[in-house]
Amino acid sequence: MIFKSDNVYKNKFTPVILPIVIIIIWYIITSVLHLVTPYTLPSPVDVCLSAWDIILSGELLRDSTDTLFKVFAGMAIASVVAIPLGILLGAYKILEDICTFVISILRPIPPVAWIPFSILWFGIGTVPAVFIIFMGCVFPILIYTIDGVKRTDKVLIESARTLGADDTTVLTKVILPSAVPYILSGLKVGVGIALMCTISAEMIGSSSGLGYMILTATNLFDTGTTVVGMLTIGIIGLVLDYIFGKLQSYVFW
Amino acid sequence: MAIEVKDINKSFKTNKKSLDVLKDINLNIETGKFVCLLGPSGCGKTTLLRLIAGLDSPTSGEIIADGEIVKKPSGDRAVIFQQYSLFPWLTVLDNVMFGLNLNNKSKEENLKSAETYLERVGLIEFRDAYPHELSGGMKQRVAIIRSLLNHAPILLMDEPFSALDMQNRHKLQEQLIGVWKRFENTIVFVTHDVDEAVYLADDIVIMDKDPGRIKEIFHVDLERPRKRDSIEFLEIQDRVVSKLDEWG
């Protein structure tokens with residue numbers, strides 16, 4: 001309980017109880033009672049068989065790496081743009097004032113709203129998807145970076161100055177490290193958005209990746225594969241979240 | 001390095017009202033002197049220190065350090081703040097080497113002098129610790145070493161020991177006097193603690209508020225090391241207290 005600090009229970013298996021219960025209920029509904037048709041909701045057995053098929057054929061690995069590649073490419077470009085820009089906007093009020101309107105108007109536009117233009121500009125394939133991902137995660141990274149820069153302890157900046165640091169040194173040796181925890185939070189938020197964007201982008205303007213796999217499988221009434229695709233996305237998200245959580249524990253300040 | 005404060009005025013604007021924080025401040029601090037700025041809160045002693053550091057600019061007047069008008073902060077005038085000011089992402093060693101690494105000396109040379117200093121104040125075994133693992137007194141000692149290593153001829157200290165308990169405060173005051181004698185820095189030390197001022201200073205600049213101004217400069221003519229329980233010490237303390245309490 002959150003209200004009591006003592007009485008901490010220890011059981012490693014607690015988190016897996018609920019998934020097992022869900023799978024059992026799912027199995028009973030689909031395979032034992034036959035309450036729904038297989039294409040409305042495939043049974044766990046169908047899902048396992050589909051998974052086995054696309055693992056053996058290499059399809060799952062190919063589409064997963066394809067999706068992950070897009071996620072990381074989009075994130076990388078967004079970081080290269082948003083982190084330096086965020087540091088400048090956070091450090092210089094005039095630059096922030098110049099950009100604030102444009103950012104405030106572009107930011108609320110859902111990344112998928114860029115899909116029509118991304119297809120017109122970049123055609124079909126990897127590039128438009130990367131563009132959508134870029135549009136999706138550039139703003140959270142930017143906003144978190146600006147925030148992190150602004151929260152830099154004034155005393156640290158003044159100390160550095162009285163130790164002889166110039167503007168550039170203050171930016172790189174004080175403001176940047178001080179903002180790193182916030183930048184990481186921005187990346188963590190960004191990677192979640194990136195994953196969502198990728199799937200949407202792949203469903204519309206793409207010919208590969210997990211989103212494409214889900215959509216084509218559903219069109220063929222191969223709903224087992226659809227579920228495998230969905231679960232794979234979930235697992236990728238879980239792993240990425242774990243990695244960012246680990247990274248965050250390294251920046252303790 | 002001598003410091004000359006000439007006709008300094010400083011006012012802050014708050015909702016249409018202008019507040020005089022410092023009025024007609026004139027002060028000469030000779031090279032190698034230990035000067036305390038003493039006064040009640042709101043008398044502008046910290047503001048004066050920040051002006052000398054170049055962290056703020058005066059409304060009028062000028063400050064001259066080593067023959068040059070102070071316009072911005074410089075490595076020649078190190079500031080030790082009341083709040084802990086170590087970089088939390090750097091180890092003790094990297095913190096004390098922050099200023100050193102900005103100059104063009106060799107890395108090994110810097111490392112050697114950093115280690116020598118840490119050794120001297122008994123912090124060498126904490127060289128790889130991070131600031132959050134240190135006590136308040138240790139943090140301030142590291143901050144002082146960081147400024148000393150930088151060979152700042154002027155140390156500006158803003159109530160650096162006010163957050164420490166009495167034992168630690170006395171110990172650090174004693175160490176500071178040792179450091180000052182060895183390196184012959186010019187020190188300007190802000191405090192509201194009469195005992196601290198009498199223990200440390202050659203000259204005590206007694207300030208008053210509304211508006212912030214210098215009331216009197218009090219010379220402390222006591223041999224060092226000073227003994228807090230000596231009659232002379234207590235006498236001077238009494239006189240400083242009565243000066244502080246006088247109606248300006």
Side-chain angles (χ1 to χ4, degrees), chain A residues 79 83-84 86-88 90-95 97 141 144-188 243-253, chain B residues 46 49-56 65 70-91 94-105 129-133 139-140 142-158 160 188:
Chain A
S79 304
I83 294 172
I87 288 172
L88 288 175
Y92 300 101
K93 185 84 177 74
I94 172 124
L95 293 181
D97 288 347
I141 300 173
Y144 274 81
T145 305
I146 293 175
D147 193 42
V149 168
K150 284 186 175 172
R151 282 169 193 263
T152 307
D153 194 345
K154 216 174 125 217
V155 159
L156 297 184
I157 296 175
E158 292 184 341
S159 291
R161 286 211 187 284
T162 63
L163 289 167
D166 54 20
D167 279 10
T168 322
T169 313
V170 170
L171 271 181
T172 55
K173 295 263 176 76
V174 182
I175 292 177
L176 178 62
S178 164
V180 162
Y182 296 91
I183 295 173
L184 262 184
S185 298
L187 289 173
K188 195 177 175 183
I243 293 171
F244 275 98
K246 272 272 172 235
L247 285 178
Q248 279 181 319
S249 68
Y250 285 112
V251 287
F252 49 81
W253 55 91
Chain B
T46 294
L49 193 84
R50 290 178 60 86
L51 293 176
I52 297 173
L55 291 168
D56 291 327
V70 171
K71 287 199 174 117
K72 58 181 177 54
S74 131
D76 285 343
R77 283 166 273 120
V79 181
I80 289 139
F81 294 90
Q82 183 175 11
Q83 310 96 300
Y84 303 127
S85 59
L86 301 181
F87 302 109
W89 52 86
L90 296 180
T91 61
D94 288 334
N95 256 293
V96 297
M97 285 173 64
F98 185 92
L100 278 184
N101 286 337
L102 298 176
N103 64 32
N104 297 321
K105 281 203 205 129
Y130 286 92
H132 72 268
E133 299 167 295
K139 282 181 202 167
Q140 288 305 59
V142 174
I144 293 169
I145 292 171
R146 185 172 65 179
S147 305
L148 288 174
L149 264 176
N150 217 23
H151 300 292
I154 297 174
L155 289 187
L156 306 170
M157 310 181 85
D158 185 10
V188 183

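Each chain gets a letter, A, B and so on, in the order the sequences are listed, and its residues count up from 1.
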Legend entry - Set of residues satisfying ring-ring contact (aromatic ring centres under 6.0 Å, His included) with respect to B:F98, sequence neighbours excluded: B:F87
Inset, instruction - With rounding to the nearest 0.5 Å, note down the distance linking CD1 in A:I157 to CG in B:L55. - result: 11.0 Å
Inset, instruction - Using non-hydrogen atoms and a 4.5 Å limit, figure out which bit of B:L149 sits close to chain A: side chain, backbone, both or neither. - result: neither
All donor-acceptor atom pairs under 3.5 Å, backbone and side chain, chain A-chain B:
from	atom 1	to	atom 2	distance (Å)
A:E158	OE1	B:R50	NH1	2.8
A:E158	OE2	B:R50	NH1	3.3
A:E158	OE2	B:R50	NH2	2.6
A:S159	OG	B:S85	OG	3.4
A:L163	O	B:N150	ND2	3.0

Inset, instruction - Applying side chain to side chain contact (heavy atoms under 4.5 Å, CB included), name anything that partners A:K246, two or more places apart in sequence or on another chain. - result: A:Y242
Legend entry - Considering all heavy atoms, the nearest A:L156-B:P88 contact: CD1-CD, 3.8 Å
Inset, instruction - Could you look at A:V174 and say if it's the side chain, the backbone, both or neither that has a heavy atom under 4.5 Å from chain B? - result: both
